[in-house]
Amino acid sequence: MLNPQQRAAVEYCDGPLLVLAGAGSGKTRVIVEKIAHLVARGIAPPAKIAAITFTNKAAREMRERVAKRVKREDAESLSVCTFHALGLKFLQIEHAKAGLRRGFSVLDADDSAGIVKELAGASVKPDQLFQLRSLLSRLKSDGLTPEQALDQARAPRELEAAKIYAAYQKRLAAFNAVDFDDLIRLPVAILQRDEETRLAWRERIRYLLVDECQDTNAAQYAFLKLLAGERGAFTCVGDDDQSIYAWRGADPGNLDQLARDYPQLRVVKLEQNYRCAQRILHAANALIARNPHVHPKKLWSALGEGVPIRVMECRDTEHEAERVASQLLHLREKHQLTWSDCALLYRGNHQSRPLEKALQLARIPYHLTGALSFLDRGEVKDVLAYLRLVANPDDDAAFLRIVNVPRREIGATTLEKLGELAQSTHLSLLATAHSHAVLQQLAARPAAALAGFVELIDGLRAHSRQAAAAELVEEVLARTHYVEHLAHGVRDQALRERRLGNVRELTGWFRAMDDGRARANDLAAQLALLSRADQDDGGEAVRLMTLHSAKGLEFRCVHIVGCEDGTVPHEGAIDEGRLDEERRLFYVGLTRAKELLHLSYSVQGRRYGQVFKQKPSRFLDELPAGDLHRDGADPEADAQARRDAAATHLAKIAAMLS
């Protein structure tokens, strides 16, 4: 059931291949079928095929689809994972070559930011901290060492980040830890300098498939190239028109670089779209054609012309939100939509507030994608870190998170000294802290505090041998006085109650999952279940999300709000002349819609209490007029639409009252 271009991409295995896959063109299907083809034809053993994606969700879905196309034992042998998961696997095997000992920790974004904040000083502001962390990540993504970063720093903030980089890496080395960026940077450095390791990994991975190749940064592209070698046994799938992550280091130019690095590269274009009505594609094609292209594409669909794209002019954001809610009520009845068929997209998260208010008043259920998940909340991560350390005393990342929570006067200098001693003795931080000889090398007060923490964890470990998981959570809260810590540390009563409620809910999660019978040796499995449980699809509700978050998704009905100059495109991009990526972002938004597409803008904005006039997005003028239905273009049609929407809204109110 493959179309000719898809079949060509699947069957070509004689050299490097770039598949330029337009939105909705079936790229995942091509990757799945190519894996099945490689296995069926014996081109590469399943254990030596690796498919790389950018998200765990995409990797999981791909594994499930591959499992339906190959034998069970072959599916289990395949590697289908993210770039970072592959880097982690590499470092677990080659840890000694990276200067790490077995059982090293991977710090999450919060742990990493905490170290940067300590190194930057207490006076650093949140936006400065974010900028420093982003610059540090960019330095690593570019494959620079701390020394190279110092040499290349120009602006004051770049110089500050480069100086922090050196101290940051020293801290990680002392803790036997890496961060997410190191999961790519360190394997690249090892492969570049060690020919024996390079050849061994090229033998380990005989064929490589990379999804969303346009989103690779410099380090990820270098990783790909080092693994593929001169043979170029790979298939890269990407779409330069959907490259929207330059702000985090992604470089769509890597697609063009492939052709320079591999002159024998074959290019296959997938231009048939299986998602959108033709009118939506016609508008999207016209928009993106204004960007420069090395490999131009023109999407087409056999799904019919579809209805015009509605463009709505509103007074302000509140009026816009009210009209959107009214339209949703009307369209749901008219087109037999479910709430989950509908998505409201915007440029920035702050734009969700008036929409949420209007949806609540209209009794429309909604799901806010991108909001802080339950398991990402600080208080929940604190308690989970205690449980992780109780279950696994070698978990240095968990140790670092909670050794000073609640506060025990164990400072950064003490922890750095402890980390250096752990490194020299090849022990975990907790095991090192057990040593009386080690404690004698520290100042009296932090040594006593550290000894008290060790005693606390030992007591919890002893208790865990008899307690169920839910009981262990309650014991952690009791012995650490964590509830009191939250109560005293948060002045705002509403916030304090929310955080205390989250902690209580965590106990309920464990009780509901294991019915109070799981022992400590089941804890790791319980935590894995918690992670999977957090992958909430939103249920039967309208999805609210940013344009960036919508990439890869599709909905029958899409409404993009805030289509004003200064919002889409963003004012920073206008000032700096960076319109190409903003245009790609708007293109991504347009191509999420399968049947119904609505665009709206406000003629008035408000900032710092001041009202100002706004212009419609310049991108609206780049869409073909014949595919649009603008407010005011057809007064009778507009009047009828308002009557229909009002009737639907009144019927909804009547139903609620009855």
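Residues take their numbers from the sequence shown, with the count starting at 1.
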Quiz item: Does Ser243 reach the main-chain N or O of Asp240 with its side chain, forming a donor-acceptor pair under 3.5 Å?
Solution: no

Quiz item: Does a donor on one side chain sit under 3.5 Å from an acceptor on the other, for His434 and Asp458?
Solution: yes

Practice problem: Could you go through the side-chain contact (heavy atoms from CB on, under 4.5 Å) check for Arg347 and Glu582 one step at a time? | Solution: CA-CA 10 Å; Arg347 181 64 174 80; Glu582 291 291 302; 2.8 Å; yes

Quiz item: How far apart are the C-alpha atoms of Tyr482 and Asp382, what are their side-chain angles, what is the distance that settles it, and do they pass the side-chain contact (heavy atoms from CB on, under 4.5 Å) test?
Solution: CA-CA 9 Å; Tyr482 191 83; Asp382 286 344; 2.6 Å; yes

Quiz item: After noting the C-alpha distance and the side-chain angles of Thr53 and Glu212, does the key distance pass the side-chain contact (heavy atoms from CB on, under 4.5 Å) rule?
Solution: CA-CA 7 Å; Thr53 70; Glu212 305 285 11; over 6 Å; no

Exercise. Taking the side chain as every heavy atom from C-beta outward, state whether Glu118 and Ile164 have any atom pair closer than 4.5 Å.
Key: no

Self-check item: Modelled atom types, side-chain donor and acceptor of Gln610 and Arg607, under 3.5 Å
Solution: no

Quiz item: Quick one: does Thr567's side chain have a donor or acceptor within less than 3.5 Å of a partner on His570's backbone?
Solution: no

Quiz prompt | Heavy-atom closest pair, residues Leu345 and Ala550 | solution = CD2-CB, 3.8 Å

Quiz prompt | Set of side chain to side chain contact (heavy atoms under 4.5 Å, CB included) partners for Ser79, sequence neighbours left out | solution = Ala50, Lys89

Quiz item: Minimum heavy-atom separation for Leu136 to Ala161, with atom names?
Solution: CD1-O, 4.5 Å

Quiz item: What are the two closest non-hydrogen atoms of Leu186 and Ala98, and how far apart are they?
Solution: CD1-CB, 4.4 Å

Exercise. Could you grab the distance from atom CG of Leu450 to atom CD1 of Ile410, nearest 0.5 Å is fine?
Key: 5.0 Å

Quiz item: Do Asn217 and Tyr245 have side-chain atoms, one donor and one acceptor, less than 3.5 Å apart?
Solution: no

Practice problem: Answer yes if the ring centres of Phe399 and Phe453 are under 6.0 angstrom apart, and no otherwise. | Solution: yes

Quiz item: Quick one: does Val178's side chain get under 4.5 Å of Leu107's, heavy atoms only?
Solution: no

Quiz item: Taking everything shown except Lys97 itself, do over 12 heavy atoms lie less than 6.0 Å from its NZ?
Solution: yes

Quiz item: Would you find a donor on one side and an acceptor on the other, under 3.5 Å apart, between the side chain of His367 and the backbone of Arg543?
Solution: no

Practice problem: Please indicate whether Asn56 has more than 12 foreign heavy atoms, meaning atoms of other residues, nucleotides or ligands, lying under 6.0 Å from its CG. | Solution: no

Quiz item: If you draw a 6.0 Å radius around CD in Glu195, do more than 12 non-hydrogen atoms from other residues or ligands fall strictly inside?
Solution: no

Quiz item: Does Glu416 reach the main-chain N or O of Ala174 with its side chain, forming a donor-acceptor pair under 3.5 Å?
Solution: no

Practice problem: With salt bridge (Lys or Arg N to Asp or Glu O under 4.0 Å) as the test, would you mind laying out the steps for Arg479 and Glu475 before giving the verdict? | Solution: CA-CA 6 Å; Arg479 295 197 186 196; Glu475 191 69 16; 2.6 Å; yes

Quiz item: Looking at CD1 of Ile115 and CG of Leu400, how far apart are the two atoms once the value is rounded to the nearest 0.5 Å?
Solution: 6.5 Å

Quiz item: When you check the side-chain N and O atoms of Tyr168 and Ser112, is any donor under 3.5 Å from an acceptor?
Solution: yes

Quiz item: Hey, does the side chain of Glu158 reach the backbone of Arg154 with a donor-acceptor pair shorter than 3.5 angstrom?
Solution: yes

Self-check item: Asp182 side chain to Arg185 backbone, donor-acceptor under 3.5 Å
Solution: no

Quiz item: Would you call the rings of Phe223 and Phe83 parallel, tilted or perpendicular if under 30° counts as parallel and over 60° as perpendicular?
Solution: tilted

Quiz item: Is the count of non-hydrogen atoms from other residues, nucleotides or ligands lying under 6.0 Å from Gln440 atom CD greater than 12?
Solution: yes

Quiz item: Which heavy atom in Leu135 sits nearest to a heavy atom in Arg157, and how many Å separate them?
Solution: CD1-CG, 3.5 Å

Quiz prompt | Rounded distance [0.5 Å steps], CG in Leu226 versus CG in Asp194 | solution = 11.5 Å

Quiz item: Do the side chain of Ser137 and the main chain of Arg133 share a donor and acceptor less than 3.5 angstrom apart?
Solution: no

Quiz item: Does anything in residues 105-149 pair up under ring-ring contact (aromatic ring centres under 6.0 Å, His included), and if so which pairs, sequence neighbours excluded?
Solution: none

Quiz item: Short question: side chain of Tyr386, backbone of Leu460 - any donor-acceptor pair under 3.5 Å?
Solution: no

Practice problem: Go through the steps for Gln220 and Lys225 under the test side chain to side chain donor-acceptor pair (under 3.5 Å), then give the verdict. | Solution: CA-CA 9 Å; Gln220 290 161 341; Lys225 188 179 172 185; over 6 Å; no

Practice problem: Go through the steps for Arg101 and Asp396 under the test salt bridge (Lys or Arg N to Asp or Glu O under 4.0 Å), then give the verdict. | Solution: CA-CA 12 Å; Arg101 67 177 187 272; Asp396 284 359; 3.6 Å; yes

Quiz item: Is the side chain of Thr216 donor-acceptor paired with the backbone N or O of Cys213 at a distance under 3.5 Å, no angle test?
Solution: yes

Quiz item: Which residue, Val188, Ile52, Val210, Leu191, forms the side-chain contact (heavy atoms from CB on, under 4.5 Å) with Leu227?
Solution: Leu191

Quiz item: Do other residues, nucleotides or ligands put more than 12 heavy atoms under 6.0 Å from the CD atom of Gln441?
Solution: yes

Self-check item: Closest approach of Asp215 to Ala250 (non-hydrogen atoms, all atoms of both residues)
Solution: O-CB, 3.4 Å

Quiz item: CG/Leu224 to CD/Gln257 distance, rounded to the nearest 0.5 angstrom?
Solution: 12.0 Å

Practice problem: Check whether any side-chain heavy atom of Met545 lies under 4.5 Å from a side-chain heavy atom of Leu553, and answer yes or no. | Solution: yes

Self-check item: Rounded distance (nearest 0.5 Å) linking atom CZ of Arg198 with atom CZ of Arg193
Solution: 11.5 Å

Exercise. Begin from the C-alpha positions of Glu581 and Arg584 and carry the test salt bridge (Lys or Arg N to Asp or Glu O under 4.0 Å) through to its verdict.
Key: CA-CA 5 Å; Glu581 178 156 344; Arg584 292 195 294 267; 3.8 Å; yes

Quiz item: How far apart are the closest heavy atoms of Val454 and Ala433, and which atoms are they?
Solution: CG2-CB, 3.6 Å

Quiz item: Counting only N and O atoms by type, is there a donor-acceptor contact under 3.5 Å from the side chain of Arg377 to the main-chain atoms of Val503?
Solution: no

Quiz prompt | Candidate pair Phe234 and Leu258, rule side-chain contact (heavy atoms from CB on, under 4.5 Å), full reasoning | solution = CA-CA 11 Å; Phe234 65 76; Leu258 274 175; 3.7 Å; yes

Exercise. Evaluate whether atom CZ of Arg445 has more than 12 neighbouring non-hydrogen atoms of other residues, nucleotides or ligands under 6.0 angstrom away.
Key: no

Quiz item: Given Leu585, which of Asp580, Val568, Thr546, Ile244 fulfils the side-chain contact (heavy atoms from CB on, under 4.5 Å) condition?
Solution: Ile244

Quiz item: Considering only heavy atoms from C-beta outward, does the side chain of Lys417 approach that of Thr414 to under 4.5 Å?
Solution: no

Quiz item: Taking atom types as modelled and ignoring hydrogens, do the side chains of Asp239 and Gln214 form a donor-acceptor contact shorter than 3.5 angstrom?
Solution: no

Quiz prompt | Pair Tyr221-Asp251, side-chain donor/acceptor within less than 3.5 Å | solution = no

Quiz item: How far does CZ of Arg401 sit from CZ of Arg388, to the nearest 0.5 angstrom?
Solution: 8.5 Å

Practice problem: Evaluate whether atom CD of Gln92 has more than 12 neighbouring non-hydrogen atoms of other residues, nucleotides or ligands under 6.0 angstrom away. | Solution: yes

